[in-house]
Amino acid sequence: MERKIKEILFGNRSSRAGALPLVHTAPAYFIQKILQSKEIEPRACDVFLGEKLAYFFVGRPAYKSVGHDISHWEMPSCVIADFPTIAAKRIYPFDSGAFEKGLVPKYATMIDREDYALEPKADVVERYIGTFFGSTRAYYMGEAVDKKSFLQQHGILPTEASLYALVSLLNGERVGKELDERRSSIEIQFDHSIQLDSGAIKAVILPEIYLTDKNFIREIEALGAQVITYPRFPLNTDHFYFAMYERCSAFYENNGYFDV
């Protein structure tokens with residue numbers, strides 16, 4: 001019988017890494033509204049038509065919107081939160097939007113998307129990161145396990161195409177310029193509102209200008225979250241995402257999220 005990812009993750013040759021928080025990325029205006037309402041509500045989805053979903057990526061501020069010469073409330077920002085994923089609607093090892101929009105190589109998209117799906121179990125993300133990357137730091141840096149070693153270690157058969165395709169994708173095979181770290185960012189979807197109670201939000205990354213609103217900053221800190229900011233330079237949004245990645249990495253390093 002052809003094995004899928006779930007059989008590999010819960011087999012006797014799998015590994016388990018530490019846990020990373022979930023990251024919800026959006027323009028600063030929407031992050032402001034989320035923080036003030038203490039809730040992330042699902043929105044109409046253009047991939048899973050007819051569904052309202054709230055999207056997160058494990059550990060990475062990977063969601064991107066394009067733009068140049070943008071205002072501060074359009075600048076990318078994110079909430080770093082920690083809550084159970086067992087109630088997730090779906091979990092994929094990549095950005096499902098990129099998969100559906102043809103940004104992922106054909107060798108992967110010719111296989112049914114659901115063959116890559118992860119089951120929403122308590123430690124499935126930790127098992128996936130441990131098995132396909134080895135550690136949380138390697139996952140964050142996009143450093144997947146070597147393809148040849150993975151295939152040999154797990155005895156992957158030629159008929160198990162989804163496993164061949166996934167490890168090839170993680171290793172960047174035949175990936176075009178349009179596809180970035182989203183090819184290896186774990187996506188988690190929820191079909192219900194996420195309540196961000198006190199302690200659930202670990203950190204918030206915002207443009208530096210928000211520090212001038214002392215009341216807003218106090219509201220964030222009252223939730224138990226660390227406020228992290230980045231400066232605005234006259235650059236396009238790609239550079240802002242670099243700043244967010246750098247600050248996320250420092251937060252994980254300083255708070256023990258990266259495996260030793």
[X] vs [Y] side-chain heavy atoms within contact, under 4.5 Å:
X	Y	answer
L22	D82	no
F150	L170	no
T131	H154	yes
K202	V79	no
I220	L206	yes
F56	I186	no
C248	I205	yes
Q32	F216	yes

For [X] and [Y], work out which heavy atoms get closest and say how close.
X	Y	value
I5	Y116	CD1-O, 3.2 Å
S15	G130	CB-O, 3.5 Å
F258	T136	CA-OG1, 3.2 Å
S185	R60	OG-NH1, 2.8 Å
V23	P61	CG1-CA, 3.7 Å
K6	E119	CD-OE1, 3.5 Å

Checking side-chain contact (heavy atoms from CB on, under 4.5 Å) for the pair H24/I31: CA distance, chi angles, key distance, verdict? CA-CA 9 Å; H24 182 80; I31 296 298; 4.2 Å; yes
Please check if any side-chain donor atom of [X] sits under 3.5 Å from a side-chain acceptor atom of [Y], or the reverse.
X	Y	result
Y92	E114	yes
K4	S162	no
S193	E41	no

In Å and rounded to the nearest 0.5 Å, what is the [atom1] to [atom2] distance from [X] to [Y]?
X	Y	atom1	atom2	result
F30	R43	CZ	CZ	5.5 Å
F99	R183	CZ	CZ	15.0 Å
Y252	L20	OH	CG	6.0 Å
R3	T159	CZ	OG1	8.5 Å
F94	L169	CZ	CG	7.5 Å
H72	T212	NE2	OG1	8.0 Å

Are [X] and [Y] within salt-bridge range, i.e. N to O under 4.0 Å?
X	Y	value
D191	K52	no
E51	R90	yes
R137	E143	no

Within the distance-only criterion (no hydrogens, no angle test), does the side chain of [X] pair as donor or acceptor with the backbone N or O of [Y] below 3.5 angstrom?
X	Y	result
R247	T229	yes
T85	A88	no
S249	Y245	no
N255	Y257	no
S37	E39	yes
E160	E2	no
Q152	S149	no

Group every Ile, Leu, Val, Met, Phe, Trp and Tyr by side-chain heavy-atom contacts under 4.5 Å, then state whether [X] and [Y] land in the same group.
X	Y	result
L166	L157	no
I91	F10	yes
I80	F242	no
L49	Y55	no
L118	I86	no

Would you please test Y164 and L151 for side-chain contact (heavy atoms from CB on, under 4.5 Å) and show each step? CA-CA 8 Å; Y164 263 92; L151 297 176; 3.5 Å; yes
Just checking [X] against [Y], ring centres under 6.0 Å apart?
X	Y	value
F132	Y139	no
F240	F233	no
F83	F190	yes

Hey, is [atom1] on [X] packed in by over 12 heavy atoms from elsewhere, all under 6.0 Å?
X	atom1	answer
I209	CD1	no
Y29	OH	no
Y107	OH	yes
R16	CZ	yes

From the options E246, M75, E208, select the one residue that forms a side chain to side chain contact (heavy atoms under 4.5 Å, CB included) with Y230. M75
Let's go through F57 and I188 carefully: what are the C-alpha distance in whole Å and the side-chain angles of both, what is the deciding distance for side-chain contact (heavy atoms from CB on, under 4.5 Å) to 0.1 Å, and is it a yes or a no? CA-CA 6 Å; F57 285 107; I188 301 187; over 6 Å; no
For side-chain contact (heavy atoms from CB on, under 4.5 Å), just list the numbers for L35 and E219, CA-CA rounded to whole Å, side-chain angles, deciding distance to a tenth of an Å, and then say yes or no. CA-CA 8 Å; L35 294 168; E219 289 175 9; over 6 Å; no
